[in-house]
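Please read all numbers here as calculations on a predicted model, not as lab measurements.
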Amino acid sequence: MAKIHEVAEAAGVSISTVSYALSGKRSISPATRDRVERAAALLGYEPNAGARMLAGRRTQIFALTEPFRPDTHAPTHMSFVLATSIAARRYDYDILLLTDAEASAGMRRVSASGLVDGIIVLDVAPEDDRVALSRAIDVPTVFIGVPEDVEGLVCVDLDFEAAAALAVDRLADAGHRRIGFVGHPESAYARSNFPPRVRRGVEQEARRRGVAVSAEYPGEGDERHRDIREAVRRLIDDGVTALALHCDDAAHSAVLAELAAAGLSVPADMSIVSIGSSFDTSSFSTPLDRIPLEPESSCELAVGLAARMADGESVEPGVRLTEPRYQAFGSVSPPR
């Protein structure tokens with residue numbers, strides 16, 4: 001990358017004149033400013049972030065607040081980080097990743113420093129401290145996720161309620177009247193915004209379709225694998241003929257293992273649909289139908305909105321949801 005003295009030499013001016021011309025801190029003749037700007041463009045020179053901040057210019061950096069906690073499911077979370085970073089580059093932005101478990105601390109820090117042009121919020125809790133903070137700071141903020149209180153916020157996400165309804169509809173259309181739902185551990189329903197939305201979508205659509213639902217929420221920690229298999233046995237005993245899974249990839253594997261141990265095959269004895277999976281369900285021992293999470297669509301929309309806001313464009317607050325899509329891999333059939 002070119003240095004400021006090289007721009008000064010190419011433009012035939014002093015280093016201080018280059019600084020003044022690019023920062024706007026002092027009056028420079030139009031001809032000199034044009035000569036400096038052409039030299040900077042030719043050499044690929046960019047002032048550093050600190051200089052741009054002092055000049056009141058954009059830094060071309062978005063902060064991505066993504067708290068890493070002991071229970072963070074890294075593959076899913078990192079898929080959003082990657083998708084956001086790729087989308088940001090299309091808008092000529094870099095990403096500053098804030099991973100402090102105390103999520104609002106990093107967000108407060110970058111907003112006070114002027115280091116970023118916008119903030120994108122991940123891992124949104126139903127009651128999230130960053131909601132109030134986003135209203136108190138001047139930095140444009142976009143949430144990927146939908147907290148309980150969305151007043152004045154710009155939020156984007158997959159339509160998890162519609163995804164859950166799509167799963168129930170596919171099973172109900174195949175003739176299943178009793179469905180088992182295997183969800184995340186109970187603690188996730190207070191910690192994250194999307195598990196309650198999936199559960200709500202399953203319950204509402206099941207009522208609308210006249211389908212009975214038996215739900216299981218296996219625990220966390222060392223006993224989780226055992227809890228999942230016990231949950232599957234209870235659902236089998238309860239007479240379910242289909243399963244809707246909203247859990248991680250290890251839980252999916254445990255469900256399939258327990259069905260095999262019980263002598264049940266998919267889909268002949270048990271139909272299965274995976275809801276909001278960030279992993280490839282076609283690679284399991286038995287490929288599973290799924291409604292994928294697809295972070296790319298949500299992240300692309302969020303970054304685009306943040307870029308518009310950083311440009312000073314007025315963006316209407318509200319929740320913008322991406323439409324779910326169904327991928328069939330042959331794990332649903334009529335019940336016997």
Side-chain angles (χ1 to χ4, degrees), residues 7 18-30 32-34 36-38 40-41 44-66 80-81 83-98 103-104 106-122 124 128-147 149-157 295-322:
V7 177
V18 173
S19 177
Y20 297 149
L22 296 180
S23 70
K25 292 177 68 177
R26 290 193 185 179
S27 177
I28 299 293
S29 72
T32 300
R33 185 184 304 279
D34 180 63
V36 169
E37 290 178 345
R38 281 190 284 109
Y45 173 75
E46 276 288 337
N48 64 34
R52 292 198 299 271
M53 285 187 288
L54 290 173
R57 296 170 61 187
R58 288 187 297 171
T59 66
Q60 295 303 124
I61 299 171
F62 286 145
L64 181 63
T65 163
E66 164 68 298
F80 276 89
V81 173
T84 303
S85 301
I86 292 172
R89 288 312 313 151
R90 282 196 280 272
Y91 288 89
D92 199 27
Y93 272 90
D94 291 309
I95 292 294
L96 173 63
L97 184 58
L98 308 177
S104 58
M107 186 171 163
R108 190 177 292 109
R109 186 169 61 251
V110 296
S111 65
S113 70
L115 180 61
V116 301
D117 297 331
I119 298 173
I120 297 172
V121 180
L122 284 176
V124 178
D128 200 304
D129 292 342
R130 293 169 293 177
V131 168
L133 181 56
S134 72
R135 295 178 179 133
I137 61 178
D138 293 329
V139 182
T141 303
V142 178
F143 285 71
I144 300 180
V146 184
D149 179 7
V150 298
E151 180 71 28
L153 303 185
V154 176
C155 302
V156 304
D157 209 356
E296 295 81 7
S297 55
S298 295
C299 295
E300 180 73 35
L301 177 56
V303 168
L305 290 169
R308 288 168 54 192
M309 295 164 74
D311 282 341
E313 184 177 338
S314 178
V315 171
E316 189 71 23
V319 177
R320 296 160 172 84
L321 299 176
T322 62

* Asked: Looking only at atom types and distance, does a side-chain atom of S113 sit under 3.5 Å from a main-chain N or O of V110, one as donor and one as acceptor?
  -> yes
* Give the minimum heavy-atom separation between A40 and V7, together with the two atoms involved. => N-CG1, 4.0 Å
* Applying side-chain hydrogen bond (donor to acceptor under 3.5 Å, both in side chains), name anything that partners D149, two or more places apart in sequence or on another chain. => R135
* Atom OG of S297 and atom CG of L321: how far apart are they, to the nearest 0.5 Å? -> 11.0 Å
* **All side-chain contact (heavy atoms from CB on, under 4.5 Å) counterparts of A87, not counting sequence neighbours** => R90, E300, V303
* **Contacts of S85 that satisfy side-chain contact (heavy atoms from CB on, under 4.5 Å) - sequence neighbours left out** => V81, I95
* side-chain contact (heavy atoms from CB on, under 4.5 Å) with D117: which of T59, V139, I61? -> T59
* How long is the span from the CD1 atom in I120 to the CG atom in L98, to the nearest 0.5 Å? -> 11.0 Å
* Asked: Out of curiosity, S111 OG to I137 CD1, how far, rounded to the nearest 0.5 Å?
  -> 4.5 Å
* Asked: Which heavy-atom pair separates G145 from V124 by the least distance, and what is that distance?
  -> CA-CG2, 4.0 Å
* How many angstroms lie between CD1 in I119 and CZ in F62, if you round to the nearest 0.5 Å? -> 10.5 Å
* Structure fact -> Note: Y93 and A310 closest approach over all heavy atoms is OH-CB, 3.4 Å
* Please walk me through it: do V121 and I144 pass side chain to side chain contact (heavy atoms under 4.5 Å, CB included)? -> CA-CA 6 Å; V121 180; I144 300 180; over 6 Å; no
* Qualifying side chain to side chain donor-acceptor pair (under 3.5 Å) pairs, either residue in residues 309-320, two or more places apart -> R58-D311, R308-E313
* Asked: How many angstroms lie between OG1 in T32 and CD in E37, if you round to the nearest 0.5 Å?
  -> 11.0 Å
* To do: For F80, enumerate each residue passing the ring pair (Phe, Tyr, Trp, His ring centres under 6.0 Å) test, keeping only those at least two apart in sequence or located in another chain.
  => none
* Asked: Which residues satisfy the salt bridge (charged side-chain N to carboxylate O under 4.0 Å, His left out) test with D34, sequence neighbours excluded?
  -> R38
* To do: Mind checking side-chain contact (heavy atoms from CB on, under 4.5 Å) for S134 and listing every partner two or more places apart, or none if nothing turns up?
  => M107, T141, F143, L153
* Any residue meeting side-chain contact (heavy atoms from CB on, under 4.5 Å) with D94, in chain and number order, not counting sequence neighbours -> R89
* Between atom CZ of R108 and atom OG1 of T65, what is the distance when rounded to the nearest 0.5 Å? -> 11.0 Å
* To do: Please list, chain by chain and in numerical order, all residues satisfying side-chain hydrogen bond (donor to acceptor under 3.5 Å, both in side chains) with R109, sequence neighbours excluded.
  => none
* Asked: Under the salt bridge (charged side-chain N to carboxylate O under 4.0 Å, His left out) test, which residues partner D138, sequence neighbours left out?
  -> none
* Where C155 and P147 come nearest, the two heavy atoms and their spacing -> SG-CD, 4.0 Å
* Decide side chain to side chain contact (heavy atoms under 4.5 Å, CB included) for V315 and V142; before the verdict, give the C-alpha distance in whole Å, the side-chain angles of both, and the deciding distance to 0.1 Å. => CA-CA 10 Å; V315 171; V142 178; over 6 Å; no
